[in-house]
Amino acid sequence: MVKHIYDVVVIGGGHAGCEAALASARMGMRTCLVSMNLQTLGQMSCNPAIGGLAKGQLVKEVDALGGEMGRVADISTVQFRMLNRSKGPAVWSPRAQCDRGLYARTMRKILEHQVNLDLKQNMIVDLRTEGGKLVELIGVTGHRFECRAAILCAGTFLNGIIHIGEFSEPAGRIGEAPATGLSEALIKKDFEIGRLKTGTPPRLDGRTIQYDRIEAQPGDGRIVPFSYRTEQSVSSQLQCHITYTNTTTHDILRSGLSRSPLFAGRIKGTGPRYCPSIEDKIVRFADKDRHQIFLEPEGWETYEVYMNGFASSLPEEIQFNALRTVTGLENCEMMRAGYAVEYDFFPAHQIHYSLETKPLEGLYFAGQINGTTGYEEAAAQGLIAGINAVKKIRGEEPFILRRDQAYIGVLIDDLITKTPDEPYRMFTSRAEHRLILRQDNADLRLTELGRQLGLVTDQQYELYINKKQRLKEISELLHEARLDELADSGLLSDPKLKGSRFAAILRRPEARLEDLIRDSSELASIRNNGIDDDLIACLEMDVKYKGYVDRERLRADQMKRLEDTVIPLDLEYMGIPSMSYESRERLTRFRPHTLGQAGRIAGVSPADQSALLIHLKKTGRYSKNG
């Protein structure tokens with residue numbers, strides 16, 4: 001029997017596992033990442049893209065805290081777009097189409113060069129506990145990993161089954177065996193388990209696509225890196241393309257519904273509402289004559305093309321015949337068929353905000369095991385779990401982000417207080433404080449915290465300090481300088497503005513900071529010293545939306561009072577008669593840490609929240625964080 005002793009063991013080498021392992025190792029713990037296949041570390045199982053609506057904010061936050069996803073995405077970018085530019089800056093979101101192979105190779109290289117980190121290939125099938133605490137993990141080969149904490153990042157592999165029409169087989173990803181044994185071991189430890197489903201579309205041979213018949217979708221002219229450590233963006237980009245299904249496509253898809261595992265009832269897991277399969281779309285939206293399809297290249301050195309918007313588990317021949325009715329795809333060849341995958345997950349009311357599990361001390365869950373979907377959500381959880389596993393070992397208080405601090409805080413709070421029964425996806429609409437949680441200020445919000453944790457490098461911290469100082473200097477100038485010399489044309493030629501401070505001028509809807517700097521002699525010092533586009537965007541948003549931001553911060557401060565009111569974890573809710581029975585039942589199940597968290601649990605009314613506060617004060621159990 002082979003045995004190793006570690007501080008932290010991370011199970012799974014997906015996006016959550018990579019961030020968890022790197023965080024633990026960088027914080028000084030002897031760490032081991034155990035994967036069933038070391039060749040697939042950092043694999044992009046579905047769409048080869050990082051970021052997107054709200055997801056881009058998560059990536060920027062991971063980077064600001066010292067994580068790696070953003071930097072690896074920058075290195076492997078093949079096309080970049082800033083989404084939602086037609087809307088307010090609070091919801092702008094960066095997205096990068098990536099080279100799938102380059103992304104995985106880069107992440108593996110980072111893992112292999114990380115000190116304090118070992119990589120082992122094995123499948124964890126059991127665990128050993130002592131006094132309700134995890135002490136050892138057991139591999140399928142008998143290899144034993146003694147540890148002080150473990151982070152389970154299993155993705156879609158726990159008892160995974162893939163479906164293509166009538167065909168199904170155990171697999172976590174097509175061609176890769178599922179993880180078996182561990183779910184059953186956790187059930188024996190009183191964990192509640194469920195099943196979820198996700199899907200992926202066909203991959204096409206780009207040489208067989210008639211690109212001249214469909215709409216090209218180029219990337220943005222300027223790439224905004226995810227990582228503040230990225231010194232130079234890629235110099236060229238690949239084009240994506242857009243096409244559409246049609247009524248003939250839909251007729252062929254309908255002809256296969258009786259053989260669909262989704263509609264025939266063979267798939268039991270709940271799928272993601274916001275990313276439905278194409279067969280689900282034509283049933284749910286039967287009035288639509290067409291659905292948009294994005295054709296996205298998989299990398300620089302491959303012809304493989306990802307068909308975004310056409311996820312399917314229909315029989316392979318139905319997929320193929322339907323594809324060939326789509327404009328531009330009449331002669332296409334499938335390199336891989338689309339498929340669905342079902343897998344085990346553990347409803348998130350079983351974890352603390354640190355991501356440590358409630359039934360078993362020392363075990364942390366991160367990623368799809370908590371009911372999320374998406375690389376970015378997984379990476380964010382992995383980073384937080386890695387940080388908190390280390391802090392637990394050190395005997396320190398857990399690292400918890402509030403909803404007004406980060407999208408990561410919104411993500412974890414939603415998972416725990418709402419316990420989604422379908423794969424959870426982050427959206428900007430989920431963040432009530434999104435005006436102060438912008439993608440451009442993630443470093444200003446979180447770099448100091450990452451530095452305190454020991455995850456932010458000297459180089460990254462210096463960049464942050466320089467940006468902060470530059471913003472301060474220019475902001476002060478905008479609030480102090482006045483327009484004394486009118487321009488020959490444009491906004492600054494208006495005599496009514498003479499004598500106005502530039503900050504006040506910038507708050508006008510039509511004003512752009514870039515134009516003010518260009519056209520005014522009073523701001524020449526900014527122009528002459530150089531100012532990059534990212535600083536301009538950040539400054540403009542801070543000044544233009546200052547009133548809204550101040551109001552948002554006031555609301556956040558008011559909410560913080562509730563977040564600071566601690567609820568003892570052993571509180572007997574059933575003994576509080578002034579609260580509704582439903583509320584007492586829900587609170588007993590979820591065991592919130594604070595009064596603010598309690599109020600966000602479905603079934604807990606504001607009256608119940610007030611009654612709980614009164615009970616805490618009356619019984620002498622009222623206390624505040626800090």
For this session: Report the residue from I124, T129, V125 that forms a side-chain contact (heavy atoms from CB on, under 4.5 Å) with L127.
Result: T129
Exercise. When the aromatic ring centroids of F365 and F191 are compared, is their separation below 6.0 Å?
Worked result: yes
Rounded distance (nearest 0.5 Å) linking atom [atom1] of [X] with atom [atom2] of [Y]:
X    : Y    : atom1 : atom2 : result
T428 : L435 : OG1   : CG    : 12.0 Å
E136 : H4   : CD    : NE2   : 12.5 Å
Y622 : L613 : OH    : CG    : 6.5 Å

Exercise. Does any pair with a residue in residues 568-579 pass salt bridge (Lys or Arg N to Asp or Glu O under 4.0 Å), and if so which ones, sequence neighbours excluded?
Worked result: D570-R621
For this session: Any pair with a residue in residues 10-38 that passes salt bridge (Lys or Arg N to Asp or Glu O under 4.0 Å), sequence neighbours left out, goes on the list, sorted by first then second residue, please.
Result: R26-E68, R30-D118
For this session: Not counting sequence neighbours, which residues clear ring pair (Phe, Tyr, Trp, His ring centres under 6.0 Å) with Y343? List them please.
Result: none
Problem set entry | Test ring pair (Phe, Tyr, Trp, His ring centres under 6.0 Å) applied to Y573 - qualifying residues, sequence neighbours left out | none
Are any of the side-chain heavy atoms of [X] and [Y] separated by less than 4.5 Å?
X    : Y    : answer
E356 : E361 : yes
D608 : S605 : yes
Y581 : S583 : no
V34  : L137 : no
T594 : T565 : no
I50  : Y103 : yes
E422 : P272 : no
L355 : H352 : no

For this session: Kindly indicate, with the supporting measurements, whether the criterion salt bridge (charged side-chain N to carboxylate O under 4.0 Å, His left out) is fulfilled by R229 and D63.
Result: CA-CA 9 Å; R229 292 165 285 171; D63 182 76; 2.9 Å; yes
Problem set entry | Partner set under side-chain contact (heavy atoms from CB on, under 4.5 Å) for L117, not counting sequence neighbours | A21, L22, A25, T31, L33, L111, Q114, L119
Exercise. With L554, which residues qualify under side-chain contact (heavy atoms from CB on, under 4.5 Å), at least two apart?
Worked result: Q558
Between [X] and [Y] (salt bridge meaning N to carboxylate O under 4.0 Å), is one present in this structure?
X    : Y    : value
D414 : R600 : no
E61  : R445 : yes
K268 : E342 : no
E112 : R108 : yes
R128 : E130 : yes

Go through the side-chain N and O atoms of [X] and [Y] and say whether any donor and acceptor fall under 3.5 Å apart.
X    : Y    : answer
S93  : Q57  : yes
E448 : Y461 : yes
N37  : E176 : no
Q597 : T417 : no
D7   : S24  : no
H163 : R266 : no
E184 : N159 : yes

Exercise. Given the rule in the salt bridge (charged side-chain N to carboxylate O under 4.0 Å, His left out) test, do K391 and E397 qualify, once you have shown the distances and angles that lead to the verdict?
Worked result: CA-CA 7 Å; K391 291 179 79 68; E397 288 296 309; over 6 Å; no
For this session: Check the angle between the aromatic planes of Y375 and H15 and answer parallel, tilted or perpendicular using the 30° and 60° thresholds.
Result: tilted
For this session: Using the ring of Y464 (Phe, Tyr or Trp, six-membered ring only), decide whether R451 places NZ or CZ under 6.0 Å from its centre and within 45 degrees of its axis.
Result: no
For this session: Applying salt bridge (charged side-chain N to carboxylate O under 4.0 Å, His left out), run through R555 and E552 and close with a yes or a no.
Result: CA-CA 5 Å; R555 278 198 331 185; E552 199 63 61; 2.6 Å; yes
